Q: 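I'd like to ask some things about the structure below.
Predicted, not measured: the structure shown is a model, and the values here were computed from it. When reading the values below, keep in mind they use all heavy atoms of this one structure, side chains included, and skip hydrogens, waters and symmetry mates.
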Amino acid sequence: MSLAIFNSFLNLSEAQAIVAVANQRRTMVSAHVLVSEDLEHALNVGVDDIAHMVTDNPSDELIDCVVKQRVYWIPTLEL
């Protein structure tokens, strides 16, 4: 399942509900991120993996959170 969590499609409570139902069904949730704020929100709702790379500079604390939560990150780089 892929979520566009923080654009006009889903608000925070909707994203949290989707992650909760996915967890009940033992289904992984992937979030597509563009900036660090998206990454932070995705981590806060408990996604399992992150698709793409943020275009700004994520803080060390945010990267630590990715590692501590054992979230997979699949970067997509443009050439």
Q: What residues, two or more places apart in sequence or in another chain, satisfy side chain to side chain donor-acceptor pair (under 3.5 Å) together with Thr55?
A: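 Side chain to side chain donor-acceptor pair (under 3.5 Å) check on Thr55 returns nothing, list empty.
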
Q: Between Leu39 and Val54, what is the shortest heavy-atom contact and its length?
A: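 Heavy-atom minimum between the residues: CB-CG1, 4.2 Å.
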
Q: By side chain to side chain donor-acceptor pair (under 3.5 Å), which residues pair with Asp56, not counting sequence neighbours?
A: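 Ser36.
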
Q: Test side-chain contact (heavy atoms from CB on, under 4.5 Å) on Leu43 and Val71; report intermediate values, then the result.
A: CA-CA 8 Å; Leu43 293 171; Val71 173; 3.7 Å; yes

Q: Could you list the donor-acceptor pairs under 3.5 angstrom formed by side chains in residues 15-25, with sequence neighbours left out?
A:
{"from": "Asn23", "atom 1": "ND2", "to": "Val19", "atom 2": "O", "distance (Å)": "3.3"}

Q: For Arg26, what residues pass the side-chain contact (heavy atoms from CB on, under 4.5 Å) criterion, not counting sequence neighbours?
A: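 Not a single residue meets the side-chain contact (heavy atoms from CB on, under 4.5 Å) criterion with Arg26.
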
Q: What residues, two or more places apart in sequence or in another chain, satisfy side-chain contact (heavy atoms from CB on, under 4.5 Å) together with Ile63?
A: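 Only Pro58, Trp73 meet the side-chain contact (heavy atoms from CB on, under 4.5 Å) criterion with Ile63.
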
Q: Once side chain to side chain donor-acceptor pair (under 3.5 Å) is applied, do any residues pair with Asp49, and if so which ones, sequence neighbours excluded?
A: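 With sequence neighbours excluded, Asp49 shows a side chain to side chain donor-acceptor pair (under 3.5 Å) to Ser30, given in chain and number order.
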
Q: Quick check: does any side chain N or O of Gln69 sit under 3.5 Å from a backbone N or O of Val66, one acting as donor and the other as acceptor?
A: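 No; judged by distance alone, with no hydrogens or angles, the pair does not exist.
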
Q: Quick one: are Ile74 and Ile50 in side-chain contact, heavy atoms under 4.5 Å?
A: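 Not touching, per the 4.5 Å side-chain cut-off.
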
Q: To check you understand the geometry: which heavy-atom pair defines the closest contact between Asp38 and Leu34, and what is its length?
A: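 The answer is OD2-N, 3.2 Å.
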
Q: How close do Val33 and His52 get, heavy atom to heavy atom, and via which atoms?
A: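 So the minimum-distance heavy-atom pair works out to O-CB, 3.7 Å.
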
